[in-house]
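Chain naming here is simple, since letters A, B, ... match the order of the sequence lines and numbering starts at 1 in each.
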Amino acid sequence: MKKLLSIFILIAIGFSQIQVKVNADPKTIYEGDAFTLTVSAENGGEMPNVDLSALRDFRVASGPSQSTNMQWINGKMTSSYSLSWTLIPKKVGNLRIPILNINVGNKSFKSKPIKISVLDRSKMNNKSTANSGQKFFIEATVDNKSPYRGEQVTLTYTLYTKTDLSGFDILKLPRYQGFWTQELYSPSNLQLKEAWRGSDKWYASVVKKMALFPTKSGEIKIDPMTAVVGVREKGRRSFFFSSSKEFTIATNELSLNVKALPKTQAGRSGSVGKWNISTKIKSKEIKQDEALSFLITINGEGNIKTVDVQDINFPRELEVFEPEINIKQNELTDKISGSKTIEYILIPRYSGKIIIPSIKLLYFDLGLKKWRTKSTKQIALDVKENGALSSTSIGLTKKEVALLDKDIRYSDESEPNWRRINSPLVSKLVIIIFILSIILYFIPGMLHISRSRLDETKGSRIAKKAYKKSISILVENGNAEEIYSSIHKSLNMFMNLKLNKEVERSSVEIITKIQKQSMDNSLSNNIKEILDRGDAVRFAPVSNEKSKNDIENIKILLKELDQKW
Amino acid sequence: MVKKISIISILFCFAFGIHPQLIEKYQNGIDSYSNGNYQLAIQEFEDILKHDWESPELYYNLGNAYYRQKLVSGSIWAYEKCLVIFPSHKDAQYNLSLANLNVVDKIDLPDLPIYLKWYETIRNYFSLQNWIKLFVMSLFLIMLLMTIRKTLYQNWLKSIENIIIIELIFIALLCGHSFLESKSNSEGIIYSPVVIAYSEPNEYSSKIVEVHEGLKVNILDNNEDWVNLELLDGTIGWILKSQIREL
């Protein structure tokens with residue numbers, strides 16, 4: 001039975017003709033409104049295959065959605081496969097859906113072109129009734145159509161409606177090519193207010209606000225945004241659900257003419273807006289190797305995320321770490337503003353005076369329409385020496401690099417010390433000094449010898465005179481006492497001169513000395529006899545003749561002694 | 001004492017006398033250097049050297065002229081030469097360190113232990129000739145003190161004498177070391193931009209190492225055309241005599 005049925009169906013399809021229909025609805029719309037393009041194939045047995053690449057004036061908002069329909073009419077089966085798209089025109093005027101190539105199975109068909117007329121929304125108020133069907137639309141507006149590059153442009157999407165809307169959903173946001181964007185406002189539900197456009201009363205609600213910062217100059221297009229709007233349908237209200245119909249709508253396309261920033265000699269910068277800059281440091285007096293927080297604050301109006309100071313050249317005495325950046329943005333304002341703090345951690349590696357240079361912020365002032373540079377005062381740090389030994393190892397490899405940008409020292413113009421090339425290692429001067437020092441070495445020895453010789457000769461000279469001197473003090477004419485004491489004195493003097501000494505000797509001492517020196521007992525005995533007599537003369541008188549005889553004797557004895565000494 | 005030495009040596013110079021024409025040449029060289037004519041300055045200075053007269057100032061200024069003329073090897077040679085005569089010439093040391101930055105070859109030497117570093121610093125304070133002069137002077141001083149002590153019986157001089165004797169022994173060791181070193185190896189500066197050292201004194205032998213201008217090397221042996229050199233790291237090779245300038 002089943003087999004039979006399938007054969008039957010095959011026959012039915014085989015014999016029934018394939019019909020392809022292309023339909024657009026509605027055919028007259030406003031700019032930004034959508035229409036539905038349906039391609040259906042009857043008796044095709046499968047989905048048609050449509051090439052939409054020829055659609056140049058329209059954008060596909062959604063689709064394709066597929067539907068299949070099978071009917072038995074009078075024992076005849078009709079099948080219908082259809083594809084539908086939601087299309088949004090790209091421009092205003094009389095547009096055409098071109099001839100489309102449609103394939104069903106192996107067969108190909110060509111559709112007829114369809115005319116679509118798109119009306120300009122701004123002229124809608126002049127026409128009274130023709131467009132009364134227009135119940136809602138979305139408008140995109142910007143506050144400034146010719147901004148500078150980097151200047152903020154506020155883009156506002158506003159929904160206008162005359163009917164009761166059940167829902168609103170943004171389907172697709174454009175990509176905002178050529179802009180740096182930030183969302184400013186996006187309400188969770190519609191807040192409708194009365195608004196008048198011409199003579200018509202509308203209810204309007206801002207659905208989205210964006211801050212756009214153009215990143216290039218020239219003409220930049222903002223693509224339309226598409227959204228889905230739900231409209232309540234009257235009269236078809238059930239107990240629980242209000243039924244609604246969904247429409248896809250799109251905004252108008254906008255184009256901005258972005259002005260390039262004028263050239264400046266002051267440097268390179270992409271900052272635009274109105275800015276102020278300040279720096280803060282906790283204490284100007286710190287210790288070496290102690291961390292220090294250096295805070296740069298930029299506040300004002302403009303693209304707070306991209307604003308930046310000019311490159312900072314910290315002195316080499318400071319070790320600088322990557323800065324920490326914090327951005328605080330003021331909320332609920334149409335113009336983006338706020339403050340940005342850049343916190344550097346600095347560690348002075350040397351003591352002394354270290355200067356943190358002035359920080360410069362170059363920006364294009366939108367109020368004055370020219371470049372401005374704001375700068376901070378430079379800060380002089382007073383770095384005290386660290387008690388511990390400083391780690392100078394940080395800069396070791398830097399030494400050669402530092403040398404590269406120094407130059408050689410200037411020429412030496414002092415009077416040169418000329419000398420012969422290959423002059424001998426040991427100069428004449430050296431030899432002279434060497435000889436002199438050797439001579440010096442022998443001087444003390446030589447001095448000693450000569451002096452001792454001198455001393456010796458002098459002594460002998462005196463000794464030689466000893467006999468004569470000692471004879472001369474002998475008293476020849478006097479009493480016996482005087483004569484004998486002179487004999488004693490003369491002997492003593494003789495000995496003193498001979499021995500180079502000044503000593504008083506007794507008679508016994510004189511005798512023993514003479515005995516030792518002369519080794520002649522008779523001589524010493526003779527002298528002893530005379531001396532004994534001299535000692536005795538004080539107690540026993542001696543005749544003058546005897547004393548005179550003794551004088552003569554002692555002279556002879558002294559001579560004898562002098563020869564034997 | 002150094003001043004004394006230099007004063008005496010100046011007197012010596014006047015006694016023997018450098019030719020006034022050479023002094024004129026020297027002045028001319030200085031003037032052309034300050035006028036920026038470095039080529040002429042080099043010519044004049046080198047001419048004086050050819051007449052067998054030298055001075056540390058001459059070598060220093062010659063080095064500067066070579067440096068300005070961007071002849072690295074010449075400037076290094078002249079600065080080294082200046083430091084041989086006057087090892088504590090601060091400006092020459094500084095400029096030599098700058099010139100050495102331009103040398104392609106960098107041979108790292110191991111760091112000396114600290115006591116050897118001190119020793120070398122002291123040894124490089126004077127040239128060998130000045131060390132010998134210092135030795136003789138202190139010998140003379142000792143003899144003088146000894147004579148005074150012995151003739152005038154000043155025994156307290158004995159302690160000063162002992163100190164000088166210790167110093168004398170130290171200087172004697174220094175002189176001995178420096179003397180042996182100067183006898184055993186002479187040094188030279190590579191003069192050609194790129195020099196290939198061969199294993200034997202001919203061009204057919206195998207190439208050992210490639211050195212670049214400005215490098216300081218030890219000269220071990222001399223041949224008619226070839227020089228046997230030793231790099232600071234110990235590599236030995238032969239190069240042509242024209243490619244090196246002896247210090």
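Note: L144(B) leads L144(B), I23(B), L22(B) in heavy-atom pairs under 4.5 Å with chain A. Contact count versus chain A (heavy atoms, under 4.5 Å) is highest, among R68(B), H51(B), Q27(B), for R68(B).
Using a 4.5 Å heavy-atom threshold, the side chains of F442(A) and M143(B) count as separate.
Nearest heavy atom pair, residue E57(B) against residue P416(A), reads OE1-CA, 3.4 Å. For the pair R409(A) and Y60(B), the tightest heavy-atom approach, listed with the atom from each and the gap, is O-OH, 3.2 Å.
For chain B, the nearby parts of Y410(A) are the backbone and the side chain; heavy atoms of each come within less than 4.5 Å. In this structure, chain A has no heavy atom under 4.5 Å from any part of F135(B). Heavy atoms closer than 4.5 Å to chain B are found in both the backbone and the side chain of S414(A). Proximity to chain A (any heavy atom under 4.5 Å) is shown, for L139(B), by both the backbone and the side chain.
Contacts of residues 69-93 of chain B with chain A at a heavy-atom distance below 4.5 Å involve Y79(B), I85(B), H89(B), K90(B), D91(B), listed in sequence order. Residues from residues 30-50 of chain B that place a non-hydrogen atom less than 4.5 Å from a non-hydrogen atom of chain A comprise I30(B), Y33(B), S34(B), I48(B), L49(B), given in numerical order.
Within a 6.0 Å radius of CD in E24(B), other residues, nucleotides and ligands contribute 12 heavy atoms or fewer. Within 6.0 Å of atom NZ in K489(A), 12 or fewer heavy atoms from other residues, nucleotides or ligands are found, so the atom counts as exposed in its surroundings. Heavy-atom contacts from other residues, nucleotides or ligands closer than 6.0 Å to OH of Y441(A) number 12 or fewer.
The distance from the CG atom of L141(B) to the CD1 atom of I433(A) is 11.0 Å, given to the nearest 0.5 Å. Put simply, CD on E415(A) and OH on Y26(B) are 8.0 Å apart, with the number rounded to the nearest 0.5 Å. With rounding to the nearest 0.5 angstrom, the CD1 atom of I443(A) is 12.0 Å from the NZ atom of K150(B). The line from CE of M137(B) to CZ of F434(A) is 15.0 Å long, rounded to the nearest 0.5 Å.
E285(A) is linked by a side chain to side chain contact (heavy atoms under 4.5 Å, CB included) to S283(A), D382(A), K384(A), counting only residues two or more places apart in sequence or in another chain. Residues passing the side chain to side chain contact (heavy atoms under 4.5 Å, CB included) test with L436(A), sequence neighbours excluded: I432(A), F140(B).
Side-chain atoms of T147(B) come within 3.5 Å of backbone N or O of L440(A) as a donor-acceptor pair. Proximity of a side-chain donor or acceptor of N417(A) to a complementary backbone N or O of P56(B) within less than 3.5 Å is not detected.
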